[in-house]
Amino acid sequence: MKKIGLLGCGAIGTQIALAVDSGKIPATLTHVYDQSKEASELLVSKLKHKPEIVKNSHLLSSNPVDLVVEAASQDAVKDVALSVIQNRKDLMIMSVGALLDESVFEVLSDACKDFKKTIYLPSGAIAGLDALKSVQGELDSVILTTTKHPRSLKGAKFFETADIDIEKINEKTTIFEGTSKEAVSLFPKNINVAALLSLAGLGSEKTKVRIVADPNTDKNTHEIHAEGKFGKMSFKIENVPDSTNPKTSRLAILSVIERLRAICSDDIQIGT
Ligand SMILES: NC(=O)c1ccc[n+]([C@@H]2O[C@H](COP(=O)([O-])OP(=O)(O)OC[C@H]3O[C@@H](n4cnc5c(N)ncnc54)[C@H](O)[C@@H]3O)[C@@H](O)[C@H]2O)c1
């Protein structure tokens, strides 16, 4: 069975750990780390098979794990991703926005080739990435419209400079329109979807993003429209937010669990 090291013991990390613990993902969770000792201890207290809590994030990959799963933050990716690959471990990244920094992407991509290791980016909170990747060479436009309740957007860097008070939004309001690159830096905890679409499709300068705050919604909704020589495609995903972290969609958690299950299984693999 593959051995997994987990970086980040919040909403996503906890559900991954529980899925390994219950046998849904056929693997062993051997080591965990979170910058909050409380979070890692709380997670371990919920598990039948207790992993070791390591003292810093770099110790995850210096232990004999096969795969490190990051479910922490963009900073965590920038801090440890390269050393995980250099330690000859595969890596799964949830904080995908970190890879829109081209220098980070290139360094990690080169390291994967040099050390013959793989970085996995699960589809997260959207559907359609498989199709988008297939038509990548024939795309003319990709537009993402993300609609969330204001409480799911609260705290984003965007509000430090924008002339918008998120508490006072009382009707459906488009608060941001721009490139995926801008969206990811202004809404780093909200818009991993924009980063994934950019990486699979037209890149972060050409992928357009609209963010809508809607006080009357209880879903995180992503609408994706792509056009090109291949034809057109549209996807709409209305996600239920996770009960412990409204910024994260339930589908993002189910997606990473399914990706891990597939990587850890000797089985028929469905889809691209
Ligand atoms: N790819 C996707 O579709 C997708 C979807 C949802 C969330 N995400 C991303 O996944 C990450 C985790 O999401 P979540 O809902 O579990 O968040 P969360 O806030 O519930 O949990 C994150 C945990 O990571 C810890 N952490 C943060 N930075 C750290 C660091 N540098 N080192 C060690 N621990 C650190 C925090 O203490 C916290 O316990 C976030 O970056 C989020 O933006 C990606």
Side-chain angles (χ1 to χ4, degrees), residues 5-19 31-46 53-61 68-84 91-101 104 119-129 132 144 146 148 151-157 180 183-200 209 219-222 224 235 237 239-260:
L6 178 64
L7 172 53
C9 300
I12 297 178
T14 299
Q15 294 303 319
I16 291 171
L18 289 171
H31 298 82
V32 299
Y33 176 73
D34 194 295
Q35 66 187 12
S36 153
K37 199 167 169 237
E38 222 176 25
S40 40
E41 286 175 352
L42 179 65
L43 169 60
V44 170
S45 74
K46 294 178 181 166
I53 299 174
V54 293
K55 291 212 164 14
N56 67 62
S57 53
H58 292 275
L59 292 175
L60 286 173
S61 63
V68 172
V69 180
E70 176 279 327
S73 61
Q74 291 190 28
D75 285 346
V77 174
K78 289 178 184 167
D79 185 31
V80 302
L82 182 59
S83 69
V84 171
L91 174 63
M92 182 171 282
I93 293 178
M94 289 307 288
S95 308
V96 187
L99 301 188
L100 283 203
D101 180 334
V104 174
I119 295 180
Y120 299 97
L121 310 178
S123 299
I126 48 168
L129 273 188
L132 200 66
L144 165 71
T146 291
K148 292 188 173 184
R151 76 172 157 262
S152 296
L153 297 163
K154 211 173 150 183
K157 199 171 146 197
S180 165
V184 167
S185 78
L186 294 171
F187 298 87
K189 293 192 178 161
N190 277 286
I191 204 80
N192 288 288
V193 165
L196 278 166
L197 282 176
S198 305
L199 293 170
V209 176
K219 304 280 191 309
N220 293 338
T221 300
H222 302 291
I224 300 155
F235 307 97
I237 307 103
N239 282 315
V240 173
D242 178 67
S243 56
T244 58
N245 183 354
K247 292 186 176 73
T248 287
S249 299
R250 179 86 189 122
L251 175 60
I253 294 173
L254 298 176
S255 154
V256 63
I257 290 175
E258 168 52 21
R259 193 73 183 98
L260 278 170

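Just follow the structure's listing: the first ligand is 1, and inside any ligand the first atom is 1.
Considering backbone and side-chain atoms together, S249 places no N or O closer than 3.5 Å to any N or O of ligand 1. For G13, no nitrogen or oxygen atom sits less than 3.5 Å from a nitrogen or oxygen atom of ligand 1, counting backbone and side chain alike. Note: an N/O pair closer than 3.5 Å links A125 and ligand 1 by distance alone.
Between S61 and V68, the closest heavy-atom pair is CB-CG2, 4.1 Å. The two atoms that bring S255 and S123 nearest to each other are OG-N, 3.5 Å, heavy atoms only. Across L6 and L60, no two heavy atoms sit closer than the pair O-CD1, 3.7 Å. The nearest pair of heavy atoms linking L153 to F187 is CD2-CD2, 4.3 Å. Minimum heavy-atom separation, S57 to L7: CB-CD1, 3.8 Å.
Each of the atoms 15 (O), 16 (O), 18 (P), 20 (O), 21 (O) of ligand 1 lies under 4.0 Å from some heavy atom of A11. Close approach of ligand 1 to G8 is summarised as follows: ligand atoms under 4.0 Å from at least one heavy atom of the residue are 24 (O). Using a 4.0 Å cut-off to heavy atoms of A76, the atoms of ligand 1 that qualify are 30 (C), 31 (N). Distances below 4.0 Å separate heavy atoms of V96 from the following atoms of ligand 1: 1 (N). Applying the 4.0 Å criterion to heavy atoms of N245 picks out, from ligand 1, the atoms 14 (P), 15 (O), 17 (O), 18 (P), 19 (O), 20 (O). Annotation for ligand 1: atoms under 4.0 Å from non-hydrogen atoms of L7 are 33 (C). When each atom of ligand 1 is checked for a heavy atom of Y33 under 4.0 Å away, the hits are 33 (C).
When A72, A195, P246 are checked for heavy-atom proximity to atom 26 (N) of ligand 1, A72 turns out nearest.
Between the side chain of T14 and the main chain of L43, no donor-acceptor pair closer than 3.5 Å is present. With E70 contributing its side chain and A81 its backbone, the two residues share no donor-acceptor pair below 3.5 Å. With D242 contributing its side chain and I253 its backbone, the two residues share no donor-acceptor pair below 3.5 Å.
Distance from atom 16 (O) of ligand 1 to its nearest protein heavy atom, with residue and atom name: I12 N, 2.8 Å. Atom 6 (C) of ligand 1 has its closest protein heavy atom at T248 OG1, 3.5 Å. At the shortest separation from atom 42 (C) of ligand 1 among protein heavy atoms lies N192 ND2, 3.7 Å. Protein heavy atom in closest approach to atom 33 (C) of ligand 1: Q35 N, 3.3 Å. For atom 21 (O) of ligand 1, the nearest non-hydrogen atom of the protein is G10 CA, 3.2 Å. Ranking protein heavy atoms by distance to atom 36 (C) of ligand 1, first place goes to D34 OD1, 3.5 Å. The nearest heavy-atom contact from the protein to atom 28 (N) of ligand 1 is S73 OG, 2.9 Å. Looking from atom 11 (C) of ligand 1 to the surrounding protein, the closest heavy atom is S95 OG, 3.5 Å.
Using a 4.0 angstrom heavy-atom cutoff, D79 does not count as in contact with ligand 1. Ligand 1 has no atom lying under 4.0 Å from any heavy atom of S57.
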Let me see the working for L197 and S180 under side-chain contact (heavy atoms from CB on, under 4.5 Å), right down to the final yes or no. CA-CA 9 Å; L197 282 176; S180 165; over 6 Å; no

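Note that CE of M92 is 7.5 Å distant from CD1 of I16, once rounded to the nearest 0.5 Å. To the nearest 0.5 Å, the span separating CG on L42 from NZ on K37 amounts to 13.5 Å.
With contacts defined as side-chain heavy-atom distances shorter than 4.5 Å, the pair V256/I12 qualifies.
Contact annotation: for A252 versus ligand 1, heavy atoms closer than 4.0 Å belong to the side chain alone.
Remark: of the listed residues I126, T146, L129, I126 is the sole one forming a side chain to side chain contact (heavy atoms under 4.5 Å, CB included) with I224.
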